Every structure is written in structure tokens, then in C-alpha cells.
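Given the structure is predicted, the values throughout are model-derived calculations rather than measurements. Proteins get letters first, then strands, A, B, ... in listed order; numbering begins at 1 in each.
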Amino acid sequence: MTEPLAPQYDPRAIEGPLYQWWMDRGFYTVDANAPGEPYVIQIPPPNVTAVLHAGHGLNNTLQDVLIRFERMRGRKALWVPGTDHAGIATQNVVEKLLAKEGLTRFDVGREAFVTRVRSFVEETGGVILEQLKALGASCDWSRTYFTLDEDLSRAVREVFVTLHERGLIYRGKYIINWCPRCLTALSNEEAEKEETDGKIWHLRYPREDGLGFVTVATTRPETMLGDTAVAVHPTDPRYVALIGTQLRLPLTDRLIPIVGDEAVEADFGSGAVKVTPAHDPTDFEIGKRHGLAQLDVMTDDARMNDTVPERFRGLDRFEARKRVVAEFEALGLLEKVDAHRHAVGHCYRCDTIVEPRLSDQWFVKMQPLADPALQAYRAGRVSFLPERQGDNYAMWLENIRDWCISRQLWWGHRIPVWYCESEGCRQTNVSRTDLEACPACGGAVRQDEDVLDTWFSSWLVPFSSLGWPEETDDLRAFYPGATLVTAPEILFFWVARMIMAGLAFRGEVPFRTVYLHGTVRDTQHRKMSKSLGNGIDPLEVIDRFGADALRYTMVSGMAVGTDLILDPADLDVSFAPGRNFANKLWNIGRFLLGHLEAGAAPLASIPESELTLADRWILARAEATIREATQQYERYRLNDAAAAVYHFLWSDLADWYVEQVKPRLYGNVPGGETARAVAAHVFDQGLRLLHPVMPFITETLWQRLPNSPADATISFAAWPRPTDGRADAVALEEFGAAQAIIGAVRALRAEYAVGPGQTVSVTVSDASPVAARALAAETDTVRRLAKIETLTVGAAPDEPGGTMVLDDRTIVFVPLGDLVDLKKECARLGAEADKLDTLVAAQDAKLGNEQFVTRAPAAIIEKEREKLVAWRAQAEALRAKRTALGCTD
RNA sequence: GGGCGAUUAGCUCAGCUGGUUAGAGCGCGCGCCUCACAUGCGCGAGGUCGGGGGUUCGAUCCCCUCAUCGCCCACCA
């Protein structure tokens with residue numbers, strides 16, 4: 001892996017082969033029995049049919065950064081990948097394919113359909129895992145799982161049966177959210193509420209005694225065909241006398257009672273509510289309390305069924321709605337129609353409006369599972385980032401509802417329940433093994449037709465992916481994991497349930513920290529989605545700019561608790577930060593490595609006395625960066641970590657140290673060995689600090705450093721540690737003074753348009769001790785980088801020129817002769833002085849404030865005094881210069 | 001209807017324990033193809049930190065309030 005560097009940075013030539021090399025060496029395959037403290041991340045398993053989108057790109061980049069960071073810190077870092085069978089989503093895809101052949105799943109039959117889905121998944125599934133490799137994901141692919149694998153299926157069955165044994169699984173008739181397109185039940189979480197502008201119809205139901213009407217309001221008039229009562233508040237004076245009487249339900253010949261029920265708000269609408277126990281959760285409850293009939297008026301696909309008058313039968317629910325309303329109107333029973341905004345449930349897969357519907361489903365009783373999960377959070381055994389997400393988690397658990405886990409699909413884990421078909425037995429058998437006959441009577445059995453909610457397998461992943469229910473080495477070594485990185489959207493679907501399952505089946509939370517990152521959005525802050533066409537294809541970005549550019553851009557743009565905004569219409573602009581930085585690194589590498597061909601001595605072998613001020617400065621900067629970056633990685637402030645390293649490599653190393661060190665690298669000159677040792681060392685350190693974010697380019701350059709072991713990977717290079725001996729506050733201050741002087745001369749040159757080929761003379765007067773030492777130590781550097789012909793320390797000559805006063809009142813003067821427009825210079829100096837006067841005045845007031853001086857901490861007061869002294873001195877120096885120049889205004 | 005978050009440079013965002021001449025990247029202006037890099041180098045302009053009130057010696061930061069935007073939760077039909 002050490003061919004010569006191409007003259008131009010070309011990620012395409014590097015990333016693919018490098019990833020292959022990582023794989024060939026098996027670097028990321030972890031041995032459960034190897035020594036070391038484990039660090040485990042479970043990937044949020046993507047849908048098996050998914051293709052990589054920007055959200056995956058972000059999510060997996062963040063995980064890879066963390067796993068690579070901990071790996072370099074010596075942890076036994078395991079990142080477990082897998083895919084989710086995604087019941088509804090996958091079944092939908094295959095059903096669509098069938099539809100093209102003019103077939104439905106019912107035409108082909110259950111067994112053939114499942115076979116077909118399975119082969120579809122085998123042929124086309126798991127693409128996303130291959131795509132993650134392009135991103136650089138350092139997963140342990142030898143442990144890749146699929147939630148419908150035999151092992152994980154065994155775990156699912158074990159959990160179902162165990163929960164049943166613990167009395168936490170039951171079958172019940174409930175109002176569930178039904179998707180008439182997917183033909184399945186949806187959990188509350190899967191029925192997404194969307195605010196919708198609709199209407200509310202006020203319908204009159206005639207009293208049986210013929211003395212008028214009771215008006216009810218509804219947003220779904222078609223359900224009136226299933227009404228079995230009208231409810232009013234038991235104390236509502238308008239209706240209390242009517243409770244117990246009957247109403248004639250229009251369009252049918254049925255009589256329905258008026259009942260009194262606390263659930264009715266007397267203040268809303270007419271105060272009377274139509275009750276449809278089979279089609280509304282509240283009505284279902286009211287119905288139960290009053291023993292009302294439950295009249296389901298629809299078919300599975302939301303057409304009116306045979307319980308309704310003949311003319312409505314077979315009509316789609318929305319057609320039926322129109323007909324019902326029209327007939328009410330014709331009968332003079334439509335009182336009014338109002339606009340009404342309300343939340344309507346939509347299927348999270350296909351966006352169809354869900355129909356609340358009475359049905360037999362399996363449920364998990366959640367309270368007993370939720371309590372330990374809440375307790376674990378309160379005890380600090382699991383924490384959330386951003387912290388406030390913990391409140392969401394707790395609130396959900398406190399108000400937990402039972403989980404509807406059956407789905408009327410064919411693709412998934414079939415419910416392990418067998419019903420005895422024998423008359424007189426009819427036993428319901430829940431079993432770990434497939435049953436051929438009823439254990440009670442030996443009669444024929446029939447397995448439940450339904451499958452389990454997809455999340456019923458994914459909530460087990462932290463341990464089922466490690467071999468549970470077997471007590472495997474993996475399970476012992478890698479459970480519990482460390483960090484979960486995912487999107488807040490699945491906090492309830494997945495995260496909370498994993499915590500519950502982990503506690504229920506392993507007695508411990510599955511991870512300590514949950515990092516919930518933001519969403520990738522476009523510049524209008526809209527979530528990226530296929531339907532809006534505002535998505536970014538990570539693979540296109542990788543192809544054009546490289547995975548490192550993608551990763552850096554995402555990491556640096558993503559602060560904890562914020563969204564990532566990118567412009568899908570202009571990838572060049574969006575990904576410029578990463579692309580430019582990668583190119584910059586490449587060129588720092590090309591330059592340094594080109595001058596390190598003779599090798600570099602280990603830094604430790606260089607005596608302290610050999611180090612120049614610049615050397616000591618870059619080493620101090622490296623150390624500060626190590627501290628900063630390490631701390632920020634630890635705190636998941638990955639953007640801050642990335643920014644610290646970026647600044648170190650680009651501004652400190654490339655802009656300053658490399659420029660400073662050039663003469664010492666050219667040819668065989670004194671100090672060359674020291675320069676090479678320092679340059680190699682700090683570049684090495686910087687690459688290591690950056691590796692979690694930009695793995696490819698850092699590996700490529702690091703392997704070519706003279707002191708990198710042959711055939712080694714930076715993936716396992718030790719994480720840099722601050723070495724207290726080299727940290728050098730004095731060097732930071734002194735080299736900083738040199739930088740300031742260079743900056744002052746450059747600014748004056750730019751101000752007076754001195755051509756780049758032209759040198760100038762510079763006089764530094766009133767130099768502070770620090771500036772004087774800096775000038776003495778780095779004379780050549782100052783002269784070269786500011787293009788100075790003669791550099792004098794001493795009194796400034798009395799002639800036209802440009803003047804800058806630095807913080808510690810060091811005066812930098814550039815005699816410019818004709819180049820100086822005297823008026824302009826006077827104005828510039830005057831403006832500078834005025835600005836300082838303003839500061840001085842404010843500072844005077846502050847320090848003159850009795851309250852401030854008596855109440856502020858001494859250290860602050862001292863700091864403020866120093867500022868005042870410096871500003872005052874600078875202002876004075878500027879005024880003196882103006883006088884010397886003869887400024888008159 | 002509840003709960004939460006955001007509002008800082010033209011754009012996207014930092015600013016984590018209250019004291020900074022309020023920062024970065026992109027964009028913009030001026031000057032440069034300086035033998036690692038024009039995906040670059042140097043210099044620079046640009047901000048009443050959403051409005052109002054309060055606490056404090058001191059507020060971008062803490063509290064209240066208003067406005068705008070966004071997210072989550074919710075069985076008012």
C-alpha cells in the first residue's frame with residue numbers, strides 16, 4: 001500500500017482499494033476472547049431493501065467516527081451491522097412487482113409469496129450494506145445479521161413465549177389503526193397524525209317520539225351507519241331528560257338509545273356524540289360501558305359491507321361519505337357543515353388515511369416492561385444526548401400503552417400460536433417449537449395467520465445479534481454495548497423498546513448513551529425525501545468528492561441537537577468544506593512527504609535545546625489540539641473536534657509552520673534534522689486526530705510517513721496523548737507575537753498596494769519584551785514571510801510610512817516614501833485611535849464604577865485593568881505618530 | 001390543545017461554567033499562478049446577537065413577555 005503519491009488528489013483512486021485492503025486484513029473483525037475493554041455499537045439496521053440516502057450517510061458517519069476513535073484509544077471496538085426484514089415495506093415492494101404481472105399476493109398464495117419475497121431479498125437486498133463500505137464504515141461484516149435469520153428468529157420466538165409465560169402477551173379485541181391499503185394493523189406509532197383541513201358535519205337524528213331532533217357532529221359521516229347509540233354528558237341539562245330514550249337512526253330503520261357518559265364534553269359542538277363502537281376508540285370505550293353492539297360496517301379495504309343498507313354496500317368509505325351526506329341533505333337532516341382542522345392518522349408506509357377499526361390482535365402489556373426502563377433512566381444507567389430527549393423518553397414510558405404486535409402480513413415472523421381445531425378442545429397453544437398436533441387433545445392445529453410487528457425483532461438486536469438465547473462468547477463479551485447513534489424519530493419505535501427488552505431479558509440496559517442526532521434537511525429546512533425530490537445521494541457525493549469530503553462536511557456541520565442543512569441543488573457548494581480540506585491535506589502531505597524521504601528522527605531523540613521557537617510553538621499547538629479534540633470527541637461534540645483539528649492542520653501547520661520551516665527542509669542545512677523530526681511528528685499526530693472523521697486520506701498519508709511501521713494501519717495507531725513536557729505557553733505567546741508583526745506588515749503592504757515582488761524596510765520600536773524575544777528568535781521568518789529587506793529594532797525614522805500598533809503597544813513602522821498618501825495614513829491612524837478611545841472610555845467607566853470594583857472578582861478586575869493600559873498606550877502611540885507625520889485634521 | 005426547541009455576518013452554523021474589540025466555513029471586495037495546493041495564498045469589508053422588560057457591578061449567555069419558524073405528544077366527536 002505504498003505507491004507514489006499522484007500529483008492530484010483523486011479520492012476515487014484511493015478509497016476503493018484502501019477499503020478492500022482493510023477488509024483483506026480483517027482489521028475490523030473482533031475476537032470475543034481477545035483482551036481489551038469492549039466498545040460496542042449496534043447499527044440501526046436499515047431496511048433490507050433500502051438504498052443509502054443522506055440520513056443513512058450522516059447516521060453511519062457518526063457511528064464510524066465514534067468507533068474509530070475508541071478503536072484508536074485501545075478499546076476492543078465492535079460495530080455490528082445488520083439489516084431489518086421490514087415487514088410492510090418489503091412486502092409492499094414485492095406486491096408492486098406482482099401487480100405488474102397483474103397478480104396479487106392472494107393469487108400466488110402465502111407460501112409461494114413468502115418464497116418470492118425471500119428470493120427477492122436474497123437477490124437485491126442488502127445493497128445498502130455494500131454502500132456503507134463506500135462510506136468507509138468499519139463494521140465487523142463477519143457478524144452481519146438479518147432479522148429473519150434462523151438465530152434471530154429463535155430469539156423472537158423465545159421472547160414471545162417467555163412474555164406469554166409472564167402473562168404479558170394477550171389477545172384482545174380493540175380498536176386498532178387499520179391501513180386499508182396495506183391490509184394490516186398499525187401501531188399507534190405507525191399511524192402518523194397529520195393536521196388536515198377537513199369538515200365537520202352536523203347531523204340530525206330524529207327522536208323516536210317525533211318531538212324534534214338531537215344533533216350530532218362528525219368528521220366521518222359514513223360511520224353513522226354503524227352507530228349504536230348517541231351519548232351525552234350525564235349531567236347535561238339539555239339532554240338529561242332524554243337519557244334512556246331512543247332515536248331513529250336515519251338511512252337505516254334502526255332505533256338507537258341515548259346514553260349518559262362522562263367522556264362526552266358538554267361544551268363541544270351540540271354536546272351530543274354519535275357512538276360507533278366498532279370504528280372509534282372513544283366510542284369503543286363508551287360502548288363497553290353501556291353494553292352497546294359493535295357494528296363493523298366496513299370490509300378490510302374500507303368499503304361498506306353487508307351490514308349497511310343495500311345502496312351503500314361496496315362503496316368506498318369516501319364515496320359512502322358523499323352519499324350519506326347527500327341523503328341527509330335531501331331529508332333535511334343536515335343542519336350545517338363547518339370547516340374543521342383536525343389530526344388524521346396516516347399510514348407511515350403508504351400515507352393512506354387509516355381507519356380505526358375493531359379487530360382481534362395480539363398485544364404486549366407494556367407497563368411491567370416500562371417501569372424498569374424508567375427506573376434505569378432515572379438511576380442514570382442510560383443517558384441521552386441531547387439531554388432533553390431523556391424527558392421525551394420518560395414521558396412516553398410514563399404514559400405507555402400496550403403494544404399491538406400482530407400484523408396482517410405474510411412477510412415476517414409468524415406468531416407462534418397454534419389453535420386446536422377440535423370441537424370441545426379449542427385450546428390456544430403458544431409454543432417455542434412448531435406444533436403438528438394439539439398438546440392437550442392431539443387434535444389438528446392451525447397456526448395463527450398473522451406475523452409480528454417488525455420492531456418485535458429489532459428491539460432484541462442488542463443481544464439477539466450476539467447469539468442470544470444461547471450464552472455465546474459474543475454475548476458475554478459484547479453485551480451491553482456502549483453507544484447507540486440514531487435519529488430521534490425512532491426513539492419510541494426502537495430505542496425505548498430495546499432498553500425494555502434488554503432489562504427484561506438480560507437484566508441490563510443495552511447501551512449507556514443514546515446519541516440522537518438531527519435530520520438532514522434542504523435549505524428550506526424540509527426533510528429530504530423521495531417525494532419532494534430534494535434528496536442528496538451520498539454515493540454521488542462520494543463519487544464526485546470522495547467519502548472523506550462527505551464525512552467531513554457532515555460532521556463539521558452537525559452540532560449536538562441541531563439539524564444538518566445542505567443544498568441538494570448545489571453539491572459543489574454544499575460539500576466544498578470537505579472537498580477543499582481533503583485537497584489541502586493531500587498537498588500538505590505531498591510537500592512534507594517529499595521532504596521526508598531521507599527519513600525523520602523520532603522527536604524524542606531531538607534535544608530540547610535544538611528546537612526553534614517555531615518548533616516549540618507547533619508542538620505546543622499540537623498538544624493543545626490533542627487536548628481539545630480528544631475532549632470534544634469524548635463529549636460527542638464531533639463538529640468541535642473536527643474544527644480543532646482542521647484549524648491545527650490548515651492554519652497552524654500549513655499556513656504557519658510549513659511556511660516557517662521551508663528553508664530548513666530544502667537541501668542539507670543546519671537544523672534540517674530537527675525540522676524534519678518536528679514536522680513528521682506533528683503531521684503524524686494531526687492525521688491520527690483526524691482519522692475518525694476522514695479515514696481514507698489520513699490512512700493514505702500516514703502510511704507514507706517515515707516513522708510509520710511497514711504494513712500498519714492508522715486504524716490501530718495509538719491515540720495521541722498530550723505530553724506535558726512540551727506544552728509551552730511561552731512559545732505560544734512569543735510565536736504569536738511574531739505572527740502579529742508579520743500580519744501588521746502584510747496589512748500595511750496590502751493597504752498601500754505594495755507589489756508582491758517588492759520588499760520593504762521595517763522598523764519595530766517600543767517592542768514589548770515578548771515581541772523583542774520573538775524578533776530575536778525568528779528574525780529570518782519575519783523577514784521572509786513579510787517580505788522585508790531590512791528589519792530594524794529601534795526608534796522609528798521620521799519619514800512618511802505606515803504604522804501599526806500591536807496589542808502590547810509594539811509599534812511596527814514601514815517607511816513607504818511616495819507610496820504613502822499622507823492624508824490617507826492620517827485618517828487611518830485617526831480612525832484607529834478613535835476606536836481605541838471609545839474602548840478606553842468604556843473601560844474607564846467600568847473601572848471607575850464603585851460597584852464593579854467592589855463586587856467583581858479580582859482576577860477579572862486585573863484583566864480589565866491590563867486591557868485599559870494596553871488600549872491607552874496604543875491610542876497614545878497612534879496619536880504620537882500622527883503628530884510626527886504632521887497630520888492636521 | 002399541551003410540551004419542547006430555535007431566532008447570532010448575505011447563506012449554513014459555533015459560541016458548552018455570565019466578563020471575548022462576538023467566531024468558523026461558504027459567499028463578497030482588493031492584490032497575487034510565491035518552485036505542496038487557484039479545491040490555493042495574503043489582506044479586508046460585513047453583526048443594535050428577533051422585539052420589549054427584568055435580575056446582575058456586568059447579559060449573546062439567566063428570568064418574564066411578545067413575534068416568527070420548527071419538532072414531538074394528544075380519543076374533543
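Screening A/Tyr646, A/Phe545, A/Phe575 against A/Tyr552 for a ring pair (Phe, Tyr, Trp, His ring centres under 6.0 Å) leaves a single residue, A/Tyr646.
Taking atom C1' in both B/G25 and B/A14, the straight-line distance is 11 Å, to the nearest Å. The P atoms of B/A45 and B/C63 are separated by 35 Å, rounded to the nearest whole Å. Here, B/G42 and B/G47 have their C1' atoms 24 Å apart, quoted to the whole Å. Atom P of B/G53 sits at a distance of 45 Å from the matching atom of B/G40, rounded to the whole Å. The C1' atoms of B/G54 and B/G44 are separated by 40 Å, rounded to the nearest whole Å. B/A6 and B/C61 are spaced 12 Å apart, taking the P atom of each and rounding to whole Å. Look at the C1' atom in both B/C69 and B/G29: the space between them is 33 Å, to the nearest Å. Distance check on atom P: B/C41 versus B/U48 gives 30 Å, rounded to whole Å.
One finds no side-chain N or O of A/Arg521 lying less than 4.0 angstrom from the OP1 or OP2 phosphate oxygen of B/C69. Residue A/Ser556 places no side-chain N or O under 4.0 Å from the OP1 or OP2 atom of B/C13.
A/Ser574 comes within 4.0 angstrom of nothing in the nucleic acid, heavy atoms only. No engagement by A/Asp567 is indicated, since no non-hydrogen atom pair under 4.0 Å with the nucleic acid exists. Among the protein residues, A/Asn392 comes within range of no part of the nucleic acid, since none of its heavy atoms lies under 4.0 Å from any strand. Counting any heavy atom pair closer than 4.0 Å across all strands shown, A/Ala343 reaches a base atom. Residue contacts shown for A/His340 are limited to sugar-phosphate atoms, with no base heavy atom under 4.0 Å away. Backbone-only contact: A/Ala559 has heavy atoms under 4.0 Å from sugar-phosphate atoms and none from a base. When heavy atoms are screened at a 4.0 angstrom cut-off, A/Arg579 is found touching base atoms of the nucleic acid.
Rounded to whole Å, the distance from CG on A/Leu516 to C1' on B/C71 is 13 Å. Between the CG atom of A/Asp391 and the P atom of B/C72 there is a distance of 17 Å, given to the nearest Å. Here B/C72 presents its P atom at 12 Å from CG of A/Leu491, a figure rounded to the nearest Å. Regarding A/Arg749, its CZ atom lies at a distance of 18 Å from the P atom of B/C41, rounded to whole Å. The CG atom of A/Asp652 sits 13 Å away from the P atom of B/A24 (whole-angstrom rounding). Rounded to whole Å, the distance from CG on A/Leu564 to P on B/C13 is 9 Å. Rounded to whole Å, the distance from CE on A/Met395 to P on B/G2 is 14 Å. Following rounding to the nearest Å, A/Gln851 (CD) and B/A59 (P) show an atom-to-atom distance of 14 Å.
Residues A/Asp844 and A/Arg872 are paired through a salt bridge, judged by an N-O separation under 4.0 Å between the basic side chain and the carboxylate. Comment: A/Lys527 engages A/Glu489 in a salt bridge, judged by a side-chain N to carboxylate O separation of less than 4.0 angstrom. Taking a cutoff of 4.0 Å between a charged side-chain nitrogen and a carboxylate oxygen, A/Arg317 and A/Glu222 do not qualify as a salt bridge. With salt bridges taken as basic N to acidic carboxylate O contacts below 4.0 Å, one links A/Asp572 and A/Arg544. Ionic pairing of A/Glu864 and A/Lys867 is present here: one or more N-O contacts between side-chain nitrogen and carboxylate oxygen are shorter than 4.0 angstrom.
If A/Val273 and A/Glu628 are placed on RNA chain B by their nearest nucleotide, the residue sitting closer to the 5' end is A/Glu628. Of the two residues near RNA chain B, A/Arg401 and A/Ile742, the one whose nearest nucleotide lies more 5' is A/Ile742.
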Between the protein and nucleotides 18-21 of chain B, which nitrogen or oxygen pairs are less than 3.5 angstrom apart?
residue	atom	partner	partner atom	Å
B/U21	OP2	A/Lys867	NZ	2.7

Kindly give the atom pairs (protein nitrogen or oxygen, nucleotide nitrogen or oxygen) under 3.5 Å for nucleotides 25-36 of chain B.
residue	atom	partner	partner atom	Å
B/A36	O2'	A/Asn587	OD1	2.6
B/A36	O2'	A/Arg590	NH1	3.4
B/A36	N7	A/Lys662	NZ	3.3
B/A36	N6	A/Glu659	OE2	2.9
B/A36	N3	A/Asn587	O	3.0

Give the dot-bracket string for RNA chain B, reading 5' to 3', where a pair is Watson-Crick or G-U wobble with both distances under 3.5 Å, ( ) marks pairs inside the strand, [ ] marks pairs crossing earlier ones, | marks a partner on another strand, and . marks unpaired.
(((((((..((((.....[...)))).(((((.......))))).....(((((..]....))))))))))))....

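Side-chain contact annotation: A/His233 with A/Asp261, donor-acceptor N/O pair under 3.5 Å absent. Side chains of A/Thr276 and A/Asp227: a donor on one and an acceptor on the other come within 3.5 Å.
When each of B/U12, B/A77, B/C16 is scored by its nearest atom to the side-chain atoms of A/Arg637, the top-ranked nucleotide is B/C16.
More than 12 heavy atoms of other shown residues, nucleotides or ligands fall within 6.0 angstrom of atom CZ in A/Phe852.
Counting heavy atoms from C-beta on, the side chains of A/Arg828 and A/Met804 come closer than 4.5 Å. Residues A/Leu868 and A/Val840 are in side-chain contact: their nearest non-hydrogen atoms beyond the backbone lie under 4.5 Å apart. Using a 4.5 Å heavy-atom cutoff, the side chains of A/Ile353 and A/Glu355 are not in contact. A heavy-atom distance below 4.5 Å is found between the side chains of A/Met224 and A/Val324.
Taking the ring axis of A/Trp656 as reference, the NZ or CZ atom of A/Arg784 does not stay both within 45° of it and closer than 6.0 Å to the ring centre.
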